[in-house]
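Data first, discussion second: the structure below is written as structure tokens.
Basis for what follows: all heavy atoms, side chains included, without hydrogens, waters or symmetry-related copies. Per chain, numbering begins at 1; letters A, B, ... match sequence-line order.
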Amino acid sequence: AQSVTQLGSHVSVSEGALVLLRCNYSSSVPPYLFWYVQYPNQGLQLLLKYTSAATLVKGINGFEAEFKKSETSFHLTKPSAHMSDAAEYFCAVSGGTDKLIFGTGTRLQVFP
Amino acid sequence: EAGVAQSPRYKIIEKRQSVAFWCNPISGHATLYWYQQILGQGPKLLIQFQNNGVVDDSQLPKDRFSAERLKGVDSTLKIQPAKLEDSAVYLCASSPTPGEATNEKLFFGSGTQLSVL
């Protein structure tokens, strides 16, 4: 079985500051891990994914995530936050099937 | 390329009433998913179709929820009768073939926000 835990339902940063959104996973098989972003009144959009290739994954809009098996983590980072990054971010896991298990989400606020 | 279309955008009903949501996936996408996203939670898969057949409906509350995809293209999700706890955003997603959810080929619609009073 797979599950993900997102630590922190709300994260606030200043524009230009580092963004760090935390995700820990549990999986009985080698996991596929994803980060999705959801802007207000829009559907989910894939930011990046990990599928057992490189452990450091680069995504769209300057985001990246590092798969750390020893820590069962897949935290999302961005060196410098922009106002347009304000959204809800979801971590998700799959055991290689179509069934994605989503975390509860982290709402990112960016202050000027 | 047109995205996944969903309607209505919002729906407000009273408990015990019935409601239906419609989804038109991206053209040519064989696999269609319905997700339920309750406020404060992540999306949860309700049902997965491959063409007009059901692949996974293990988390669909079948006593009140039903879904169909008769011609293997668009799909409807129905709730009858609705309960207060059904208040959520219902997301439709599609992908070209099975297994494509694990790469960049899973696309979500904007969802239908349901409020049950």
Checklist entry - Would you say B:Leu39 has more than 12 foreign heavy atoms packed within less than 6.0 Å of its CG? => result no

What about [X] and [Y], same hydrophobic cluster or not, with Ile/Leu/Val/Met/Phe/Trp/Tyr joined at side-chain heavy-atom distances under 4.5 Å?
X	Y	answer
A:Val93	A:Leu47	yes
A:Val4	B:Leu45	no
B:Phe21	B:Phe108	no
A:Trp35	A:Ile60	yes
A:Phe90	A:Leu108	no

Next on the checklist: For B:Leu106 versus A:Tyr36, what's the shortest heavy-atom pair and its separation?
Outcome noted: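 Minimum heavy-atom contact is CD2-OH, 3.7 Å.
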
Checklist outcome for this item: Closest heavy-atom pair, A:Asn41 versus B:Arg9, reported as atoms and distance to 0.1 Å, is CA-NH2, 3.1 Å

Checklist entry - Can you find a heavy atom in the side chain of A:Gln38 that is under 4.5 Å from one in the side chain of B:Ser110? => result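 A side-chain contact is absent here, since even the closest heavy-atom pair is not under 4.5 Å.
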
Next on the checklist: With heavy-atom distances below 4.5 Å as the criterion, would you say the side chains of A:Leu100 and B:Tyr35 are in contact?
Outcome noted: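 Side chain of A:Leu100 against side chain of B:Tyr35, heavy atoms only: contact under 4.5 Å found.
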
Checklist entry - Hey, which of A:Gly103, A:Ala92, A:Gly105 has the most heavy atom pairs under 4.5 Å with chain B? => result A:Gly103

Item to check | Contact class of A:Glu88 relative to chain B, heavy atoms under 4.5 angstrom | outcome: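 Answer is neither: A:Glu88 stays 4.5 Å or more from chain B.
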
Checklist entry - Is chain A contacted by the side chain of B:Gln37, its backbone, both, or neither, given a heavy-atom distance below 4.5 Å? => result side chain

